[in-house]
Amino acid sequence: MSRTTGRLRRLARHLRPQSIRGRLTVLVTLLAILLLLPTGAAEGAVGRQALGDALWLEAREQANLTAAADRLNELRDPLVPRVAGVDLVQVVAPGHRVVDASRDALGMPPLTSAWPAPGDPEEDVQTCTTHLGCVRLAALRIKGTANSPVVYAGRLAAGLTSTGIFARLFGVQDGLLVLLAALATWKITGRTLKPVNAIRDDLDAINGDDPSARVPELPGRDEIARLARTVNATLGRIEEATLQRDAVLARQRQFVADASHELRTPLAGLRAELEMGQLHPEDTDLNELVDGALGDVDRLEAIITDLLLLARVGTAGVADRTPMNLCDLVQAEVSQRLDRLPVRVRTGSSVPVTCVRVQIARLLRNLLDNAQRHSRSLIQVGVRRDGPFAELTVDDDGPGIPEPDRERVFERFTRLDTARSRGHGGTGLGLAIALEIARAHRGTLEAGESPSGGARFLLRLPLDGSLGYDGDHLT
């Protein structure tokens, strides 16, 4: 039993249409069959009843006309029926003796043995004989007396009221309706799903060569129109992500190329010094060779350290951030430095932020190192509040940064010809590290012009409202 059930289920799954169009057509067809079968049977019954009633009425009408003619002594021999179709008419006297008949009933015995009583002079009769078949008759007493003759008027019932004919008639009708419902469903669902097929074909044709490709959008607010808009919105997000990915990959490739170039320079110098010492040991000053090699190693170590720091920026979790006063951090960092130029600090008593202290300290050191390399006489550091942000500014009175280069200066290994060179000792990563730290803290870092004409770097960080604030003071 279980094997048979399993086979039937597998067969049903195999026969079930795979497309939505086919499934809807099968479903509507089944529903039409379930609805039309009982409806057709009911219509057949009602039709047969209506036709039977009409036949009885015609037979009664002919019987009444014949009885009226008999009472007026106007009957002909043979009788001439006056109702179309009612061609079997007999006038039968008591004792079942036929005294008059229509042409189609001549020579026949009485059509029926039914004999209406005086109190009920009219009777509907259906009888079947071997020589005629089934006949529908109306039997009517001509007079109210006991010896009154009876008129039989009727027609053959076979063929007109046959159950088979009605069954075939309504069966054909129901079959046509089911076929029409299936065809209409197939056409309508095909037309409805045509845009879906177009969307599918367009999606199949979309590849990575053209990320801006979109599917056609239909007017309106139905499900298919919303689907097309959703698909296009998704394709837009994919395009944006692809462009961002390509930009990141391009930056990474450029970064790797720049890093390789920056690392090869001290490596090449170190190799040249060592090979020169190896080839000409008698002309080589060992202390000078070691000092030069150590300088190149220091440069390599600085570049590698900065690269590692760039890789780690942004990986700190929320637990690594602590609330602190940005003014205290700036005061502490500036007080520990021994620079060639003085640094003036202007801060408020409390500018609270939540940050990773070592990273913000490194950002400030990088900005101060950059200012020390390019300033002529003085560097100024300011900390203040500006609405919901904390602002930290580092100003110098050096040559400044040309406006077209104020964004490029934050790129890795970027050196401006007019302001920076390897002779100044930087790795080319200081400002890039500072920018990444600012972004990791949901802040911004911008380059601009200081009031003294040099460069200004402006850091903006979200404030932490848990600490208080007083007025500015100058140190």
Problem set entry | R229, CZ atom: more than 12 neighbouring heavy atoms under 6.0 Å |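 Correct, the count exceeds 12.
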
Problem set entry | Crowding at CD, E122 (>12 non-hydrogen neighbours, <6.0 Å) | yes

Problem set entry | Residues L364, V330; criterion side chain to side chain contact (heavy atoms under 4.5 Å, CB included); working and verdict | CA-CA 8 Å; L364 177 60; V330 171; 4.1 Å; yes

Straight-line distance of [X] [atom1] to [Y] [atom2], nearest 0.5 Å:
X: T347; Y: L329; atom1: OG1; atom2: CG; answer: 11.5 Å
X: Q62; Y: R82; atom1: CD; atom2: CZ; answer: 8.0 Å
X: D405; Y: E411; atom1: CG; atom2: CD; answer: 9.5 Å
X: L431; Y: L367; atom1: CG; atom2: CG; answer: 6.5 Å
X: I360; Y: L326; atom1: CD1; atom2: CG; answer: 7.5 Å
X: R136; Y: C128; atom1: CZ; atom2: SG; answer: 10.0 Å

Of all heavy-atom pairs between [X] and [Y], which one has the smallest distance, and what is that distance?
X: V98; Y: P109; result: CG2-C, 4.2 Å
X: Q90; Y: M108; result: NE2-O, 3.5 Å
X: E446; Y: F410; result: C-CZ, 4.0 Å
X: G400; Y: P402; result: O-CD, 4.0 Å
X: L435; Y: L445; result: N-CD2, 3.7 Å
X: A59; Y: G154; result: CB-CA, 4.2 Å

Side-chain donor-acceptor pairs under 3.5 Å in residues 456-463, sequence neighbours left out?
| residue | atom | partner | partner atom | Å |
| --- | --- | --- | --- | --- |
| R456 | NE | D395 | OD1 | 2.6 |
| R456 | NE | D395 | OD2 | 3.3 |
| R456 | NH2 | D395 | OD2 | 2.9 |
| R460 | NH1 | D386 | OD2 | 3.1 |
| R460 | NH1 | E391 | OE2 | 2.4 |

Exercise. Any sub-3.5 Å donor-acceptor pair from N325's side-chain atoms to V351's backbone N or O?
Worked result: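 Yes.
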
Exercise. Would you find a donor on one side and an acceptor on the other, under 3.5 Å apart, between the side chain of H441 and the backbone of I437?
Worked result: yes

Output side-chain donor-acceptor pairs under 3.5 Å for residues 140-152, partner residues at least two apart or in another chain, one line each.
| residue | atom | partner | partner atom | Å |
| --- | --- | --- | --- | --- |
| R141 | NH1 | P116 | O | 2.9 |
| R141 | NH2 | T145 | O | 2.3 |
| R141 | NH2 | A146 | O | 3.3 |
| T145 | OG1 | N147 | OD1 | 3.0 |
| S148 | OG | I142 | N | 3.3 |
| S148 | OG | K143 | N | 2.7 |
| S148 | OG | K143 | O | 3.2 |
| Y152 | OH | T112 | O | 3.4 |
| Y152 | OH | A114 | O | 2.4 |

I'd like to check [X] versus [Y] (side-chain heavy atoms, cut-off strictly below 4.5 Å). Are they in contact?
X: R60; Y: L57; result: yes
X: V381; Y: L368; result: yes
X: V353; Y: M324; result: yes
X: E403; Y: E449; result: no
X: V178; Y: T29; result: yes
X: T127; Y: L137; result: yes

Exercise. Among all residues two or more places apart in sequence or in another chain, which pass the side chain to side chain contact (heavy atoms under 4.5 Å, CB included) test with R237?
Worked result: A233, T234

Seminar exercise, completed: Applying salt bridge (Lys or Arg N to Asp or Glu O under 4.0 Å) to D104 and not counting sequence neighbours gives none

Problem set entry | Residues forming a salt bridge (Lys or Arg N to Asp or Glu O under 4.0 Å) with R103, sequence neighbours excluded | none

Exercise. Can you name the side-chain hydrogen bond (donor to acceptor under 3.5 Å, both in side chains) partners of N366, sequence neighbours left out?
Worked result: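 Per chain and number, N366 pairs via side-chain hydrogen bond (donor to acceptor under 3.5 Å, both in side chains) with R362.
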
